[in-house]
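Structure, as structure tokens:
When reading the values below, keep in mind they use all heavy atoms of this one structure, side chains included, and skip hydrogens, waters and symmetry mates. Numbers restart at 1 for each chain; the letters A, B, ... are given by sequence-line order, proteins then strands.
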2 protein chains.
Amino acid sequence: MARQLTSKGRQRRSQLINQATRRFASDGYHPTSVADIVGGVGVGKGVFYWYFESKEQLFLEILRDAQKDLRRCQRNSTADLTDPVDRIEGGIRAGVIWMVGNPDLRRLFEFARSEDTFAKAMKVGEATLVSDAAQHLRIAIDAGRIPDRDPQALAHGILGVTNQLTMAYMDHGDGDPAEVGDLVVSICRNGFAGLSDDLTGDSNSPAMTVKPTWSRSV
Amino acid sequence: MARQLTSKGRQRRSQLINQATRRFASDGYHPTSVADIVGGVGVGKGVFYWYFESKEQLFLEILRDAQKDLRRCQRNSTADLTDPVDRIEGGIRAGVIWMVGNPDLRRLFEFARSEDTFAKAMKVGEATLVSDAAQHLRIAIDAGRIPDRDPQALAHGILGVTNQLTMAYMDHGDGDPAEVGDLVVSICRNGFAGLSDDLTGDSNSPAMTVKPTWSRSV
DNA sequence: GCTGGAATTGACCGGTTGGTCAACTCCCCT
DNA sequence: AGGGGAGTTGACCAACCGGTCAATTCCAGC
């Protein structure tokens, strides 16, 4: 393994990755055959096994790269923030924007969590996200900025809200992704029974009356 | 379809459903073959097609029944509550308890959301849950009990927190499921920046200092 | 003990799957 | 110009898939 690739080779490789990502996301991992992937690119089947060990390894690579990219985006957008609450908010917004901007990878995450073969890899990335947020929450708690509750649990809550609302947006969405970020931050900060007034001191929290256009009425 | 079954037949049928549920949950829907299911029960393959139209139809039936059962549990435990905020809390707790008590079905939900073939059926059930919670939120907002924000979005947030934290519990859990319910309610009500004091008036909200034993430190 | 529908069997089918491989082309480097 | 590794082909393979079905057994009601 770890073949020496020319620029043409690298190009073909990412071509296959892109095609596979699309098909996995639209049809599912199992229903997508290797023949489908190479057929979509217009090459013979052997090409696939020139660049990848197996279908499973390819999928794992896609997952790992996506997790890395998400994390990179969050780091970038929170790098210059010092306040712990600001950092949490920044992380949430970056996460929302990434998920809305990468719906295919978002769907792949969804599937990967559900199957044992890939769940382990997913858990690792998720744990990183959670413990990262938990760290900032811990600091905020120690500083008396937010109430003292289990930071890990709070972080899971944040992740849950982000996942669910980005999913709802992807299903019905037609508004501004940044607006979804506002909404997620608002809910994460205050829950459904939270106060309208911002009590944490910083002033960049969104209005409490946010009403997205994509919210459906069933 | 809709065959006339004797009591023996009904028994075998649910035997197959149970076996399929277990295998689908542990190995995934696609990796589980019909041969695996009937093999696990110890019968011939024809038996499967005597009781079910197809593998896909069986899975859809499992999903529908599970959704129905979850909803039934929520209705039962909120039937005698009149206060809208109490009803929301009751629904959350019932949902948590059901998910913790039905980990296999919980996993099946996870997969079903990820694949187009079943996503539609899942969306229906999820929309019911969401609109149900949203209705109570609407009432609470109109009564001035909670801040005025989009009820649908809040309901999605609640669902997200519930899903994520029950999942985290299933992965690392060893504590009391009711404690998880407290935690989810606490986060849903107040978010991470919420006040320690209960401002909604009713007194059965959980302590803010809940710290589950299953929260991992990474 | 006969009858008829419920229940069960497992060989069988056409199709698909992930993966292999010998043969071949392409193209850069000397 | 020719050597050699990168890149490509597609026939091929064994295994497996979901689903069918004629044949057989089981058993309750008469």
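Looking at residues two or more places apart in sequence or on another chain, you find a side-chain contact (heavy atoms from CB on, under 4.5 Å) between N76(B) and R72(B). The ring-ring contact (aromatic ring centres under 6.0 Å, His included) search around F24(A) returns Y29(A), F59(A), not counting sequence neighbours. For R64(B), the side chain to side chain donor-acceptor pair (under 3.5 Å) test picks out no residue, with sequence neighbours left out. With sequence neighbours left out, S54(A) forms a side-chain contact (heavy atoms from CB on, under 4.5 Å) with E56(A), Q57(A). Qualifying side chain to side chain donor-acceptor pair (under 3.5 Å) partners for E61(B), counting only residues two or more places apart in sequence or in other chains: R13(B). By the side-chain contact (heavy atoms from CB on, under 4.5 Å) test, A94(B) is found to be paired with Q74(B), S77(B), residues two or more places apart in sequence or in another chain being considered. Residues passing the side chain to side chain donor-acceptor pair (under 3.5 Å) test with S33(B), sequence neighbours excluded: D36(B). With sequence neighbours excluded, the residues forming a side-chain contact (heavy atoms from CB on, under 4.5 Å) with R106(B) are M99(B), E110(B), N163(B), T166(B), M167(B), M170(B), listed by chain and number.
OP1 or OP2 of dT8(C) sits under 4.0 Å from a side-chain N or O of R12(B).
Look at CD on Q4(B): it is 11 Å from C1' on dG5(C), rounded to the nearest Å. Residue K55(A) contributes atom NZ, which lies 8 Å from atom P of dG19(C) at whole-angstrom precision.
Of all nucleotides in DNA chain D having an atom under 4.0 Å from a heavy atom of chain B, the first and last in 5' to 3' order are dC17(D) to dC21(D).
The structure places CG of D132(A) at 8.0 Å from OG1 of T128(A), a figure rounded to the nearest 0.5 Å.
DNA chain D is contacted by V43(A), G44(A) of residues 13-44 of chain A, taking any non-hydrogen atom closer than 4.0 Å.
Pairs of residues two or more places apart, or lying in two chains, that qualify as ring pair (Phe, Tyr, Trp, His ring centres under 6.0 Å) and include a residue from residues 65-104 of chain B are W98(B)-F109(B).
Considering only side-chain atoms of S54(A), the nucleotide from dA6(C), dG19(C), dT8(C) that sits closest is dG19(C).
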**Fill in**
Contact string for nucleotides 20-30 of chain C, one letter per nucleotide 5' to 3', B = base within protein heavy-atom range under 4.0 Å, S = sugar-phosphate only, - = neither, reads BB---------
